Peer 1: 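Sharing a structure here in structure tokens format.
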Amino acid sequence: MFDLKAIRENPEAFDRLWAKRGLEPLSKKILDQDKLIRKAMQVVQEAEAARNKASKQIGAAMGKGDKEEAERLKTEVAGAKNVIAAMGAQVESEKGQLDNLLAGLPNVPFETVPDGAGEEDNVELSKWGTPRDFDFDVKAHDDLGTDLGLMDFETAAKMSGSRFVVLRGALSRMDRALAAMMLDMQTAEGFEETSPPFLVWPKALYGTSQLPKFAEDLYPAGEDHFLIPTAEVSLTNTVRESILEAETLPKRMTAHTPCFRSEAGAAGRDTKGMIRQHQFNKVELVTICKPEDSEAEHLNMLRCAELVLQKLELPYRVVELCTGDLGFGARKSFDIEVWLPSQDTYREISSISNCGDFQARRMNARYKHAAKDNRFVHTLNGSGLAVGRTLVAVLENYQNADGTITVPKALVSYMGGLEVIG
RNA sequence: GGGCGGGUGGCAGAGUGGUUGAAUGCACCAGUCUUGAAAACUGGCAUAGGUGUAAGUCUAUCGGGGGUUCGAAUCCCUCCCCGCCCGCCA
């Protein structure tokens, strides 16, 4: 959500930044609507003031036993009430329209975010590690897993359909091992391990801005809840509707949860293998901080996510997302892409975003900046990392000619000492 | 899932239809006193929004939403949350 005052003071800046996302100029429309609302509100409030005043006088008149005067005042109030009802309804309707418009608008990117239409225009910031030279034909992770008998898409399809998998034995263990290692690393970096709900109300999803615009990407659960598409929703909403003490910031949280996504818009993409599933595990990082700290925290989260890939010795690169690839709630995002030999390319394994006060406004999450000065916090989220995709990367990068998988050194202790799978 | 009892300012806790945005206590801030501190005393102390250069003023808010009424923290409906009892259950 946006600060109408800020738009009022600087409409050109908002229009320019929305334009970076390919949106029409909207400030005028927003401000005209706002003006309309405030004007109508003034009329309502004046009528309300008249009603309140007359009502008090009625009380006084009744006290004195002056029934005539009371009756006269009642007719006065009736007139005011007509105005309140009529104009009030108009205000509600105009406000609703403005809210709908604003709720559907993406966050404004930082000025520095590179312009671009899509993924291909993202800007590479750094590279780490060197893709390994294979002296045999590399297999894709799903072939490796299927051949080992430890990754079973057919069985999953029988009970749940496509985009699900059954992992068995050492691969199931590896999924747990990776998550455990990530949690150990992130908690060592000061992120508090958290076990949040996996089912949330719509208002929580509204707060982190998956709703109202992206309902079709979500799985409803029962009458009132949705399955979380990412732990970002649960972790970020831990501070909703609250005023935090400044000294409790920054709050850094991490959680290992399943994530559920309908992948409605992804028909035909990554249909094979574990890259894009309806359900996957992820270790999430969320930071709640003061506005002046958010850029530093953003870099810190990037560093923490990178550490996992370095520890696993998986080659990766970091890109900054261009305006065309930037998520709805983000002002600036880094993606970490891991090397996948079977695809001969880097694929996203983590996305780390600074949302500024966008989500905080939608959640009403503030902190005490000074006495009588409560300000919105900044929220950031990122994967640290996507467990399923990390498993994919380990399988592909650590595969051997005979189809076995060498367990990364860092993971051996988490795998109960197992050094080779298969 | 059923029944009963609750939800009031940072906290505790009054208030059951008429100057109650809300008593009182604690906490907090400022001042007086004091060498300093404590105590005592005095004053201040919610949020959001409209309007105004400002002082100010107006509106809304006593879990959320809706209703009754000239007037609602107080009455009604509904949802949420907390507590207790019963049922069910990993």
Side-chain angles (χ1 to χ4, degrees), chain A residues 1-9 30-100 102-103 195-207 211-212 220-226 233-234 237-249 257-258 357 360-377:
Chain A
M1 204 51 85
F2 302 94
D3 182 2
L4 284 173
K5 272 189 206 152
I7 299 178
R8 233 176 272 156
E9 281 162 17
I30 291 167
L31 293 180
D32 283 351
Q33 182 74 359
D34 177 46
K35 218 174 190 174
L36 204 70
I37 290 167
R38 282 189 295 157
K39 219 169 177 181
M41 237 165 66
Q42 225 173 313
V43 176
V44 172
Q45 291 187 355
E46 273 165 23
E48 283 173 339
R51 177 202 61 192
N52 290 346
K53 195 176 164 204
S55 287
K56 277 182 185 167
Q57 289 172 340
I58 290 172
M62 301 271 265
K64 281 190 288 185
D66 187 348
K67 282 210 159 178
E68 243 176 78
E69 175 66 359
E71 285 307 316
R72 190 191 65 74
L73 287 163
K74 278 190 192 183
T75 59
E76 205 173 287
V77 172
K81 282 184 77 170
N82 285 337
V83 176
I84 293 167
M87 288 304 281
Q90 194 186 326
V91 168
E92 284 310 305
S93 138
E94 300 290 351
K95 261 191 181 163
Q97 285 179 38
L98 182 59
D99 282 347
N100 285 344
L102 291 174
S195 299
F198 303 164
L199 297 177
V200 294
W201 279 331
K203 70 175 185 182
L205 289 153
Y206 179 88
L211 289 178
E223 298 285 300
D224 306 314
H225 293 88
F226 286 91
V233 177
S234 310
N237 274 283
T238 57
V239 298
R240 69 174 293 116
E241 292 159 41
S242 56
I243 299 174
L244 306 165
E245 296 296 337
E247 56 271 21
T248 65
L249 300 176
T257 74
D357 64 8
R361 286 179 182 279
R362 296 167 82 108
M363 294 189 301
N364 197 18
R366 293 169 295 168
Y367 75 100
K368 279 192 196 301
H369 174 76
K372 293 195 156 225
D373 190 3
N374 301 325
R375 299 194 180 176
F376 289 107
V377 295

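Computed over heavy atoms, backbone and side chain alike; hydrogens, waters and symmetry mates excluded. Just so we're on the same page: letters track the sequence lines, and every chain starts at 1. Source: prediction; values computed, not measured.
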Peer 1: Return the nearest nucleotide to the side chain of A/N374; candidates are B/rG50, B/rC81, B/rU47.
Peer 2: B/rU47
Peer 1: So does A/K5 pair up with A/E9, basic N to acidic O under 4.0 Å?
Peer 2: no
Peer 1: Run A/Y367 and A/E245 through side chain to side chain contact (heavy atoms under 4.5 Å, CB included) and show every step you take.
Peer 2: CA-CA 6 Å; A/Y367 75 100; A/E245 296 296 337; over 6 Å; no
Peer 1: Over how many whole Å does the gap from A/N364 atom CG to B/rA48 atom P extend?
Peer 2: 9 Å
Peer 1: Nearest whole angstrom, please: distance from the P of B/rA48 to the CG of A/L4.
Peer 2: 15 Å
Peer 1: Using the ring of A/F2 (Phe, Tyr or Trp, six-membered ring only), decide whether A/R361 places NZ or CZ under 6.0 Å from its centre and within 45 degrees of its axis.
Peer 2: no
Peer 1: Nearest heavy-atom pair of A/T248 and A/L244: which atoms, and what distance?
Peer 2: OG1-CB, 4.0 Å
Peer 1: What integer distance in Å separates A/K35:NZ from B/rG50:P?
Peer 2: 14 Å
Peer 1: Which whole number of Å gives the distance between the C1' atom of B/rC70 and that of B/rC80?
Peer 2: 32 Å
Peer 1: Can you tell me the distance, in whole Å, between the CG atom of A/L98 and the C1' atom of B/rG49?
Peer 2: 14 Å
Peer 1: Do the charged groups of A/K95 and A/E92 touch, with an N to O distance under 4.0 Å?
Peer 2: no
Peer 1: When you measure from every atom of RNA chain B, which of residues 77-87 of chain A have a heavy atom less than 4.0 Å away?
Peer 2: A/V77, A/K81
Peer 1: Given atom CD of A/E241 and atom C1' of B/rC81, what is their separation to the nearest angstrom?
Peer 2: 12 Å
Peer 1: Any salt bridge (charged side-chain N to carboxylate O under 4.0 Å, His left out) involving residues 35-46 of chain A? Give me the pairs, sequence neighbours left out, ordered by first then second residue.
Peer 2: A/D34-A/R38
Peer 1: Minimum heavy-atom separation for A/V44 and A/G88, please, with both atom names.
Peer 2: CG2-N, 3.6 Å
Peer 1: Mind checking if A/L73 touches a base, just sugar-phosphate, or nothing, with heavy atoms under 4.0 Å?
Peer 2: nothing
Peer 1: Separation of A/K5 atom NZ from B/rU51 atom C1', in whole Å?
Peer 2: 13 Å
Peer 1: If we take the C1' atom in both B/rC81 and B/rG64, what is their distance in whole Å?
Peer 2: 10 Å
Peer 1: Expressed as a whole number of Å, how far does the P atom of B/rG21 sit from that of B/rU16?
Peer 2: 15 Å
Peer 1: Expressed as a whole number of Å, how far does the C1' atom of B/rA73 sit from that of B/rA46?
Peer 2: 16 Å
Peer 1: With distance as the sole test, does A/R51 use its side chain to make a donor-acceptor pair with the main-chain N or O of A/I84 at under 3.5 Å?
Peer 2: no
Peer 1: Take atom P in B/rG13 and the same atom in B/rU8, then report the distance between them in whole Å.
Peer 2: 9 Å
Peer 1: Between B/rU47 and B/rA22, how many Å separate the two P atoms, rounded to a whole number?
Peer 2: 15 Å
Peer 1: Measure CD/A/E92 against P/B/rG65 and give the value in whole Å, please.
Peer 2: 11 Å
Peer 1: Let me know the distance between NZ of A/K56 and P of B/rU20, rounded to the nearest Å.
Peer 2: 8 Å
Peer 1: For a quick check, with a 4.0 angstrom heavy-atom cut-off, what is the B/S/- contact string for nucleotides 55-61 of chain B, read 5' to 3'?
Peer 2: ---BSS-
Peer 1: Between B/rC45 and B/rC33, how many Å separate the two P atoms, rounded to a whole number?
Peer 2: 23 Å
Peer 1: Can you check the distance between B/rG66 and B/rG71, where both ends of the measurement are the P atom (answer in whole Å)?
Peer 2: 16 Å
